[in-house]
Amino acid sequence: MIKFFLMVNKQGQTRLSKYYEHMEINKRTLLETEVIKSCLSRSNEQCSFIEYKDFKLIYRQYAALFIVVGVNEIENEMAVYEFIHNFVEVLDEYFSRVSELDIMFNLDKVHIILDEMLLNGCIVETNRARILAPLLIFDKMSES
Amino acid sequence: MEGKERLRMAITSLKLQDLIEEIRGAKTQAQEREVIQKECAHIRASFRDGDPLHRHRQLAKLLYVHMLGYPAHFGQMECLKLIASPRFTDKRVGYLGAMLLLDERQDAHLLITNSIKNDLSQGIQPVQGLALCTLSTVGSAEMCRDLATEVEKLLLQPSPYVRKKAVLTAVHMIRKVPELSNIFLPPCAQLLHERHHGVLLGTITLITELCDRSPAALRHFRKVVPQLVQILQTLVTFGYSTEHSISGVGDPFLQVQILRLLRILGRNHDESSDTMNDLLAQVATNTDTSRNAGNAVLFETVLTIMDIRSAAGLRVLAVNILGRFLLNSDKNIRYVALTSLLRLVQSDHSAVQRHRPTVLECLREPDASLSRRALELSLALVNSSNVRAMTQELQGFLESCPTELRADCASGILLAAERFAATKRWHIDTILRVLTTAGTHVRDDAVANLTQLIGGAQELHAYSVRRLYSALAEDISQQPLVQVAAWCIGEYGDLLLGGSYEETEPLQVEEEEVLALLEKVLQSHMSLPATRCYALTALMKLSTRLRGDNNRIRQVVSIYGSCLDVELQQRAVEYHTLFRKYDHMRAAILEKMPLMEQGGPQIEEAKASKATAQFPEAAHVPAEPQASKLLNLLDLLDGTSEDDQHPPPLEPSPGGAVVHLLDLPCSPPALVPIPNLKVFEREGLQLNLSFLRPPGTPALLLITATVTNSSGDDVTHFICQAAVPKSFQLQLEAPSGDTVPARGGLPITQLLRILNPNKAPLRLKLRLTYSHFGQSVQEIFEVNNLPVETWQ
């Protein structure tokens with residue numbers, strides 16, 4: 001089960017955070033700083049899976065943004081690694097060449113996309129067209 | 001007036017975009033906080049005013065601020081209002097806010113139950129989707145119970161969009177309220193027939209959750225194994241054509257989920273495992289491994305194969321796949337391969353052995369998590385046939401590995417050496433090498449183990465002491481090494497100087513050099529207090545082993561008599577006294593230590609007790625050199641085994657010889673003098689015991705043993721030893737002599753003190769050794785007919 005999904009930039013600012021298990025707010029900030037510290041200290045040579053307390057962290061770097069997912073022991077790390085890339089591809093299609101600013105200014109839409117793909121820590125949909133279909137309908141509805 | 005104010009508020013309050021811009025523009029943390037606080041004040045005011053139009057915008061800003069870590073609890077009620085509003089944008093933000101701000105511990109939590117219920121039953125799909133999403137994230141047990149029936153209805157809705165969300169909400173409900181499994185179990189069978197991957201994915205997750213929770217569900221779902229196999233097969237064979245393929249692999253996420261479920265179903269169940277065998281083999285061989293997606297599926301397959309009752313050929317296939325992973329250049333794949341191999345090494349040892357060279361390669365990884373796993377795996381792969389090669393590699397690794405792995409590596413090598421050492425000499429060499437490379441990181445009992453090992457290998461004493469001397473001469477900073485070396489030099493110093501041992505280079509060592517080295521250790525500030533004690537004791541022992549005069553040693557010992565460290569000072573004073581007053585006993589006290597018993601902590605205690613037991617007696621009472629042997633006799637009645645330096649164990653005499661003291665009439669404790677007892681006679685030599693119970697101390701018994709000789713020949717080298725049961729305390733004083741001249745010459749007397757606090761029946765065993773008529777005699781016997789007054 002996925003415990004949390006974070007997007008943090010190199011300066012340590014959180015761009016997106018979603019927790020699927022309750023955690024107090026001060027613990028969250030602590031977690032985020034520690035996680036980004038351990039990700040930043042890794043070089044390109046090292047593998048993308050880190051063990052942190054009782055989670056496993058799987059991270060991927062896209063330009064200046066780190067996407068970090070924390071899972072429990074039973075998850076398949078490589079599948080989650082693939083999932084992160086899938087998520088980024090969906091964002092890419094929706095925002096046409098997504099950048100960090102897009103994510104910052106359209107946080108609610110990014111949340112919607114994430115909710116379409118991950119529900120309560122489980123992967124629910126990975127097909128790009130199907131994920132974006134409801135979102136495009138919402139956009140039309142809110143404009144009208 | 002009010003209208004104007006409201007207008008002003010609407011103008012000055014920022015849109016979300018602008019707020020984000022402003023926050024980005026803030027240069028310092030303090031500035032950012034200022035901006036945010038100003039904005040929060042606006043938001044609060046706006047909530048108070050209850051402006052419905054812009055509420056969603058305010059809440060969106062609040063949520064952004066919340067994500068940055070600032071408190072946002074005052075937005076909770078607004079979430080509720082937004083959820084209840086009919087507009088979709090309001091609902092959207094409201095539900096998002098509910099997910100982020102309202103968790104179970106908040107009081108406002110229950111209030112959304114009603115709204116969710118309404119939304120779920122209204123039949124507008126996006127709204128239902130929102131509600132389900134929120135429910136599955138923050139739903140408490142109460143809410144789940146209330147809304148279970150609603151969700152169940154939605155499971156059968158025609159729209160797959162809602163269905164897939166409903167299924168996963170069901171998963172959450174089961175986690176919170178396990179009893180609800182009964183409701184959600186029946187629809188699963190139908191849901192499995194889905195074609196829609198989203199729903200299918202959710203269903204598999206649901207079934208996995210159900211099976212995890214209850215064994216009954218597990219049995220129920222074993223029936224669907226053939227169906228799952230079918231689904232997976234379709235995915236694998238027609239992978240490329242469906243819309244869910246990722247880099248050529250058909251919906252890897254679904255494949256991984258199905259494989260995980262198959263693993264749970266097939267565990268410990270032969271029939272299901274058989275059904276899966278072919279499919280697993282097919283997946284394992286056909287999946288494209290050039291991209292990560294394929295590797296993810298392959299990894300899950302391997303895990304499944306290892307967990308179920310698979311055929312042997314399949315297991316070998318799995319291990320080979322992992323071996324191939326190890327050769328892959330991608331670090332992630334190597335990581336998962338090493339982790340899985342670690343899990344397998346217990347059950348499939350021989351299969352994993354084949355990949356040993358690759359594992360050793362991985363030791364050289366720059367990545368710490370990879371090299372740690374490689375280290376664990378290598379240590380697990382050591383067996384008696386490859387131990388030499390492996391230790392060679394591991395020692396090479398030890399020299400260059402990062403510090404956090406050193407302790408593990410060192411103890412791992414030592415453990416492996418202990419288990420599989422072919423020869424003692426190789427074992428000693430290995431430990432020596434580890435101590436020189438990583439001395440500070442070894443565990444505490446390594447020193448004890450090494451001394452034990454060296455002590456036991458008689459033929460290697462000279463070799464070890466030479467090696468240790470050379471190592472010590474080079475470097476005195478590694479404490480465990482210094483301690484062992486000091487001990488060795490102390491014990492076997494004579495072997496260090498005398499002659500040469502063929503296999504090492506001829507080492508010419510002068511006495512003065514040895515003493516200088518030990519002094520250097522004593523004076524060095526790098527040495528721990530324990531190390532200095534070792535060095536001092538070693539110096540002391542050398543006073544008997546070396547041939548030169550002992551002035552230098554005496555000097556050092558007397559200097560340390562005023563040392564600040566109490567332990568060191570005590571020893572120095574005792575040794576100095578030994579030089580001064582008890583020089584005649586020095587040789588015996590400092591003779592070579594006997595082989596210690598196996599087993600860690602007892603060795604330390606035995607050493608300590610032997611050391612301390614000797615010296616207090618040296619200080620107060622002139623003790624015999626055989627004090628150690630006498631102390632050991634206390635255990636003789638229990639029959640501990642010693643080597644042939646000590647007397648063979650005394651067996652307790654069979655029951656018949658024991659005097660039934662209880663049959664004797666019970667006499668009151670009186671000061672009646674206890675009659676003497678003749679206990680032994682042979683060829684004119686007689687041993688008598690006389691007893692005395694001092695009135696002041698009721699537990700104390702004094703026995704005086706008198707040895708008389710009426711024969712024609714002298715009795716020489718007479719030694720008497722005694723043993724009593726464990727609950728007693730025995731103390732033998734020094735005999736008056738060891739020779740009884742012939743024909744009624746001066747007898748030997750010896751005093752025995754026995755403390756009997758429990759007033760247990762006294763049993764006494766005696767051992768006599770002496771020379772008489774040109775023969776050495778040894779007698780062991782238990783004293784019978786002990787008067788009852790001796791112990792009552």
Side-chain angles (χ1 to χ4, degrees), chain A residues 1 13-20 22-23 25-26 28-29 32 42-51 58 74-83 85-86 89 101 104-108 111-112 115-116 118-131 133-134 137-138 141-142, chain B residues 16-17 20 24 60 63-64 66-69 71 88-89 92-93 96 99 103-105 125-126 129 132-133 136-137 161 164-165 167-169 171-172 197-198 201-202 205 243-244 246 251-253 256-257 260 292-293 295-297 299-300 303 330-336 366-370:
Chain A
M1 177 186 157
Q13 294 166 314
T14 314
R15 295 297 170 211
L16 175 79
S17 75
K18 192 117 191 166
Y19 288 84
Y20 293 101
H22 176 73
M23 208 181 284
I25 195 161
N26 49 352
R28 286 188 201 189
T29 24
E32 282 156 29
R42 318 268 290 179
S43 67
N44 284 345
E45 305 287 307
Q46 299 177 303
C47 73
S48 308
F49 311 138
I50 310 176
E51 269 157 31
I58 296 124
I74 52 176
E75 279 290 335
N76 181 340
E77 294 98 328
M78 303 203 328
V80 178
Y81 190 74
E82 197 58 46
F83 176 76
H85 193 67
N86 194 13
E89 278 178 1
L101 287 177
M104 277 171 63
F105 286 115
N106 297 293
L107 192 58
D108 47 345
H111 265 281
I112 296 181
D115 286 338
E116 288 289 319
L118 269 187
L119 203 64
N120 189 28
C122 310
I123 302 175
V124 64
E125 183 65 69
T126 52
N127 177 297
R128 244 180 291 173
R130 288 209 205 129
I131 293 170
I137 302 178
F138 299 160
M141 277 175 65
S142 41
Chain B
L16 180 58
Q17 316 271 55
I20 298 177
R24 272 189 85 211
L63 292 178
Y64 184 81
H66 171 81
M67 187 183 74
L68 291 178
F88 183 74
T89 32
R92 170 66 213 155
V93 184
L96 184 61
M99 272 197 279
D103 58 74
E104 286 184 24
R105 293 147 214 229
Q125 288 184 24
L132 284 171
C133 190
S136 68
T137 314
Y161 175 76
K164 72 184 180 194
K165 300 207 177 205
V167 174
L168 283 170
T169 314
V171 172
H172 174 84
H197 281 217
L201 197 54
T205 319
E243 50 209 352
H244 282 270
I246 293 187
D251 202 347
F253 301 102
V256 164
Q257 280 292 91
R260 198 176 299 161
N292 187 48
N295 285 326
V297 175
F299 178 48
E300 195 72 32
L303 290 177
D330 185 354
K331 304 286 182 293
N332 297 334
I333 298 184
R334 279 210 251 194
Y335 177 91
V336 298
D367 183 345
S369 40
L370 275 177

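No experiment lies behind these values; they were computed from the predicted model shown. Here is how names work: the chains are called A, B, and so on, in the same order as the sequence lines, proteins then strands, and each is numbered from 1.
- Of all heavy-atom pairs between B/K165 and A/D115, the closest is NZ-O, 4.3 Å.
- With rounding to the nearest 0.5 angstrom, the CG atom of B/L96 is 6.0 Å from the NZ atom of A/K18.
- A heavy-atom distance below 4.5 Å is found between the side chains of A/E77 and B/V336.
- Side-chain atoms of B/V256 and A/N76, non-hydrogen and from C-beta on, do get closer than 4.5 Å to each other.
- Interatomic distance, CG of B/L303 versus CD1 of A/I74, reported as 12.0 Å (0.5 Å rounding).
- Of the two parts of B/R334, neither the backbone nor the side chain holds a non-hydrogen atom closer than 4.5 Å to a non-hydrogen atom of chain A.
- Side chain of B/N332 to backbone of A/M78: no donor-acceptor contact under 3.5 angstrom is found.
- For the atom pair CD of B/Q257 and CD1 of A/I123, the computed distance is 7.0 Å after rounding to the nearest 0.5 Å.
- From B/L63, atom CG reaches atom CG of A/L107 across 8.5 Å, with rounding to the nearest 0.5 Å.
- Neither the backbone nor the side chain of B/L132 has a heavy atom closer than 4.5 Å to any heavy atom of chain A.
- Ranked by heavy-atom pairs under 4.5 Å with chain B, the first of A/R15, A/E116, A/E89, A/R128 is A/E116.
- With a 4.5 Å cut-off on side-chain heavy atoms, A/V124 and B/L201 do not count as touching.
- Remark: A/M104 CE to B/Y64 OH distance equals 4.0 Å, nearest 0.5 Å.
- Classification of B/R260 and A/E75 as a salt-bridged pair holds, one side-chain N sitting under 4.0 Å from a carboxylate O.
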If you apply the rule side-chain contact (heavy atoms from CB on, under 4.5 Å), what do you find for A/L119 with B/K164, and how did you get there? CA-CA 10 Å; A/L119 203 64; B/K164 72 184 180 194; over 6 Å; no
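- A/L101 touches chain B through its side chain: at least one heavy atom from C-beta onward sits under 4.5 Å away, while N, CA, C and O do not.
- Contact between A/A79 and B/A296 at its shortest, heavy atoms only, is N-CB, 3.7 Å.
- Looking only at heavy-atom pairs under 4.5 Å with chain B, the residue among A/E32, A/Q13, A/H111 that has the most is A/H111.
- With rounding to the nearest 0.5 angstrom, the CD1 atom of B/I333 is 8.5 Å from the CZ atom of A/F49.
- Considering only residues two or more places apart in sequence or on other chains, A/Y20 meets the ring-ring contact (aromatic ring centres under 6.0 Å, His included) condition with none of them.
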